[in-house]
Amino acid sequence: MARKDRPIGAIARAGYARAAGLIPMMLFLVVFFIGPLLVNFSQSFAGPGTMFREYRRIFTDGYYLLVIFQTVLLGCAVTIGCLVLGYPLGMAIARASGRLKAALMFAVVAPLLVNVVVRSFGWMVILGNQGVVNWIGSALGLAPLELMYTWWGITIALVHVLLPFMALSIASVLEGIDPRLEEAAKVLGANAFNALRLVLLPLSFEGIVTGSILVFTATVGSFVTIMLLGNASTMVLPLLIYQQLTVVSDWAFAAAMGTTLLVLVATLLWVQARFMRPGWRQARTV
Amino acid sequence: MKRIANVTAVAALCAMTLSGPLAFGATDKPDKIVVTAFGGVWAESVKKNYASCFEKKTGVKVEVVTGESAEWLNKIRANPDHSPIDVVTLSELDSLRAGREGLLSKMTTSEVPNLAQVPAQFHVPWGDLGVSSTYGPMGIMYNSEKISDPPKSWKDLIDGIAAGKYGKKVAWPSGTYAWGPPFIWFIAQQYGGDVNVAFDKLKAMKPYVVKFWETPVDALNLFATKQVDILAYWDGRSYAFINKGNPWAKFYIPEPNGMTSLVLFSKVKSAPPIAWEYINCVLSPEAQVGNAEMIRYPGTNKTVAYPADLKKDFTPFERVVVPPYDQIIEKIPSWVERWNKEMR
């Protein structure tokens with residue numbers, strides 16, 4: 001029976017049944033996601049002194065504002081790095097087949113199979129003053145590079161581990177694009193660059209946005225890699241939270257920083273989501 | 001606003017405890033007690049030396065849970081009346097915090113007879129709410145191929161580093177490492193106790209420090225790969241590295257002494273009385289020797305006689321200093337903040 005022929009009561013009952021199916025998932029979210037967030041939020045008011053004291057401390061101190069800025073900047077830098085490397089990689093995966101595809105997929109996912117501490121120590125061996133990079137550089141007569149304990153080293157290590165999220169997001173979208181569209185663009189006179197710019201990039205935009213969201217959120221939540229490969233000048237919000245919990249034991253301040261980080265990420269995700277709206281994109285491509 | 005915050009916290013906690021673990025019943029002789037241990041060889045030693053002693057004496061099983069101090073303190077705080085842990089091992093500061101929050105039981109020699117053999121500095125500062133089973137001071141591990149005559153005192157060492165005498169080949173604990181703030185206190189003591197001087201000295205050292213390390217593994221990596229020639233490091237970990245075929249590395253405690261780290265064992269208030277026997281086992285001479293053989297840190301029981309190969313690597317009681325944690329605990333937030341802002 002077609003939906004329009006069914007009585008309204010039956011449609012409502014079917015709707016309720018579907019909604020009831022969501023109850024276990026909603027309960028799970030309330031207990032394990034909303035609940036801890038509420039606990040964290042309430043904890044940020046549990047410290048001594050006036051209301052919003054911890055938030056005032058964050059937003060009126062130049063140091064903490066700088067750390068917030070550095071956290072966002074690192075997130076953007078790693079996202080751009082992953083995009084630049086991940087797009088061609090995603091394209092290669094999307095266009096490969098058989099064993100080559102499987103090999104590429106494994107190569108991309110491999111960094112995720114290694115523990116974060118072990119991976120960071122690997123980067124120390126590669127990027128250190130006496131590491132592989134500087135060893136090759138000195139063999140070529142180049143001046144030594146200061147990569148360890150700098151933003152460069154941290155960015156390289158994070159791009160390495162988060163690249164799969166970008167490459168696979170883009171690959172999955174590219175796989176769904178009809179290759180004849182690119183061929184048609186070339187037949188109509190577009191060179192390879194213009195075919196990429198005018199056809200592939202707009203069509204794979206959702207993969208780019210998805211990958212960017214995943215990489216950005218993972219970066220602004222990272223602290224182990226930053227702690228091992230950075231120093232006191234490469235401070236980010238998650239590392240400050242870790243300090244407050246493990247060394248200072250100031251739970252209220254840590255909770256306030258956690259809430260700040262959450263709001264920051266949510267706001268940036270909202271901005272990114274607006275980029276995905278078809279109306280916004282059409283207005284700029286017409 | 002605080003009321004709203006409290007109501008939301010209670011509501012959220014109610015929701016969360018729906019799936020929480022069942023409370024452990026505190027009876028005189030339970031089926032098992034739950035104790036904590038740091039991972040790796042620490043946990044192996046706890047099972048082999050402490051748990052086996054307790055099980056043999058009481059017939060009660062021991063469940064060893066691994067993790068770290070802050071995590072265990074949080075678990076006790078979350079459920080103080082029915083703690084999921086009976087005997088907890090906490091860092092010096094976390095033990096003070098737990099004691100101040102009324103989470104721990106005070107011990108006496110009638111409950112823990114072996115406590116009488118432990119010097120006061122390892123339990124009295126914590127009001128007998130915790131006792132350390134081991135101690136291990138921070139000293140200097142250095143590359144003897146590069147430095148033949150290391151400075152005798154901390155003061156000479158720090159001034160030498162700040163003057164660039166050893167080049168940029170030094171690794172030093174960060175002020176944000178778990179024992180970083182107490183070590184800032186220790187540096188201050190070398191200059192009359194003024195923390196401002198300690199920060200000035202650390203800032204002067206900074207150009208010659210490859211890294212202010214955050215984790216011991218991170219630090220050892222720098223030394224083992226010879227990126228640094230001088231490493232301020234724990235004695236047990238240093239000797240473990242030296243004895244693993246690295247004779248070029250040497251370790252010593254500069255004058256006048258070394259700041260020690262402790263691991264404080266406490267009976268959680270809601271734990272059954274039989275848990276005292278576990279702490280008594282921890283402090284027993286047999287368990288202390290067994291533990292020292294495995295983790296290479298000396299025990300705090302002064303009656304213990306160690307085999308010669310262990311004894312040569314152990315720093316005597318007289319050469320270690322326990323920072324006054326009860327005095328510096330309030331200053332730690334400002335020292336950490338100062339470190340973050342000034343050592344960038």
Side-chain angles (χ1 to χ4, degrees), chain A residues 27-28 30-47 50-52 57 61-64 66-67 70 117-118 120-121 124-125 128-131 148-149 223-224 226-235 239-240 242-253 255, chain B residues 1-20 68-71 73-74 77 91 93-94 96-97 168 174-181 206 209-215 217-218 221-222 225-228 329 332-337 339-344:
Chain A
L27 202 62
F28 183 86
V30 167
V31 173
F32 295 106
F33 182 65
I34 308 289
L37 285 181
L38 287 174
V39 170
N40 185 71
F41 185 63
S42 66
Q43 191 81 40
S44 68
F45 296 101
T50 54
M51 198 167 41
F52 295 111
R57 194 175 155 197
D61 188 319
Y63 175 73
Y64 295 111
L66 175 71
V67 171
Q70 288 181 170
V117 177
V118 176
S120 299
F121 277 101
M124 285 181 190
V125 173
N129 290 343
Q130 295 164 359
M148 276 301 292
Y149 317 122
F223 73 94
V224 177
I226 301 166
M227 184 167 75
L228 292 174
L229 301 184
N231 62 17
S233 64
T234 56
M235 185 57 75
L239 202 47
L240 275 184
Y242 174 78
Q243 276 180 12
Q244 294 300 318
L245 291 176
T246 58
V247 184
V248 181
S249 202
D250 187 344
W251 286 67
F253 193 38
Chain B
M1 192 69 202
K2 268 196 171 172
R3 198 176 157 196
I4 295 168
N6 289 339
V7 169
T8 51
V10 169
L13 277 171
C14 287
M16 290 180 74
T17 47
L18 284 172
S19 61
E68 55 94 28
S69 179
E71 172 197 341
L73 173 57
N74 197 32
R77 270 180 182 150
S91 72
L93 289 166
D94 283 341
L96 266 183
R97 288 171 186 132
K168 193 173 180 178
S174 167
T176 55
Y177 167 52
W179 281 272
K206 195 184 162 200
V209 175
V210 175
K211 189 176 185 189
F212 287 103
W213 53 268
E214 296 280 351
T215 70
V217 185
D218 180 16
N221 181 51
L222 286 169
T225 54
K226 300 193 177 178
Q227 291 182 63
V228 298
I329 191 169
I332 286 175
S334 64
W335 289 355
V336 168
E337 188 168 37
W339 178 278
N340 283 335
K341 290 179 176 176
E342 294 181 20
M343 298 301 288
R344 285 193 285 144

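- With contacts defined as side-chain heavy-atom distances shorter than 4.5 Å, the pair A:Met124/B:Thr225 does not qualify.
- Separation of atoms CG (B:Leu93) and OG1 (A:Thr246) is listed at 11.0 Å; rounding is to 0.5 Å.
- In the displayed structure, A:Tyr63 atom OH is contacted under 6.0 Å by more than 12 heavy atoms of other residues, nucleotides or ligands.
- If you measure heavy-atom distances from A:Asp61 to chain B, the contacts under 4.5 Å come from the side chain alone.
- You'll find the side chain of B:Glu337 stays beyond 4.5 Å of the side chain of A:Asp250, heavy atoms only.
- For OH of A:Tyr64, the number of neighbouring non-hydrogen atoms (other residues, nucleotides, ligands) closer than 6.0 Å is greater than 12.
- Heavy atoms of A:Met235 lying under 4.5 Å from chain B belong exclusively to its side chain.
- Only the side chain of A:Leu240 comes within less than 4.5 Å of a heavy atom of chain B; its backbone N, CA, C and O stay farther away.
- Heavy atoms of A:Leu66 lying under 4.5 Å from chain B belong exclusively to its side chain.
- Taking the side-chain hydrogen bond (donor to acceptor under 3.5 Å, both in side chains) definition, one finds that B:Thr176 meets it with B:Ser174, B:Glu214, sequence neighbours left out.
- Counting heavy-atom pairs closer than 4.5 Å to chain A, the top-ranked of the candidates B:Val210, B:Ile329, B:Asp218 is B:Asp218.
- In terms of the side-chain hydrogen bond (donor to acceptor under 3.5 Å, both in side chains) criterion, B:Thr215 has no residue partners (sequence neighbours excluded).
- Neither the backbone nor the side chain of A:Phe253 comes within less than 4.5 Å of any heavy atom of chain B.
- For B:Leu222, the part lying under 4.5 angstrom from a heavy atom of chain A is the side chain only.
- Listed options A:Thr234, A:Val125, A:Val248 were ranked by heavy-atom pairs under 4.5 angstrom with chain B; first place goes to A:Val248.
- With rounding to the nearest 0.5 Å, the separation of CG in B:Asn221 from OG in A:Ser120 is 11.0 Å.
- Shown here for B:Gln227 and A:Gly128, the closest heavy-atom pair between the two residues is OE1-CA, 4.4 Å.
- Smallest separation of non-hydrogen atoms from A:Leu228 and B:Lys211: O-NZ, 3.0 Å.
- With respect to chain B, the highest number of heavy-atom pairs below 4.5 Å among A:Gln243, A:Met148, A:Met227 belongs to A:Gln243.
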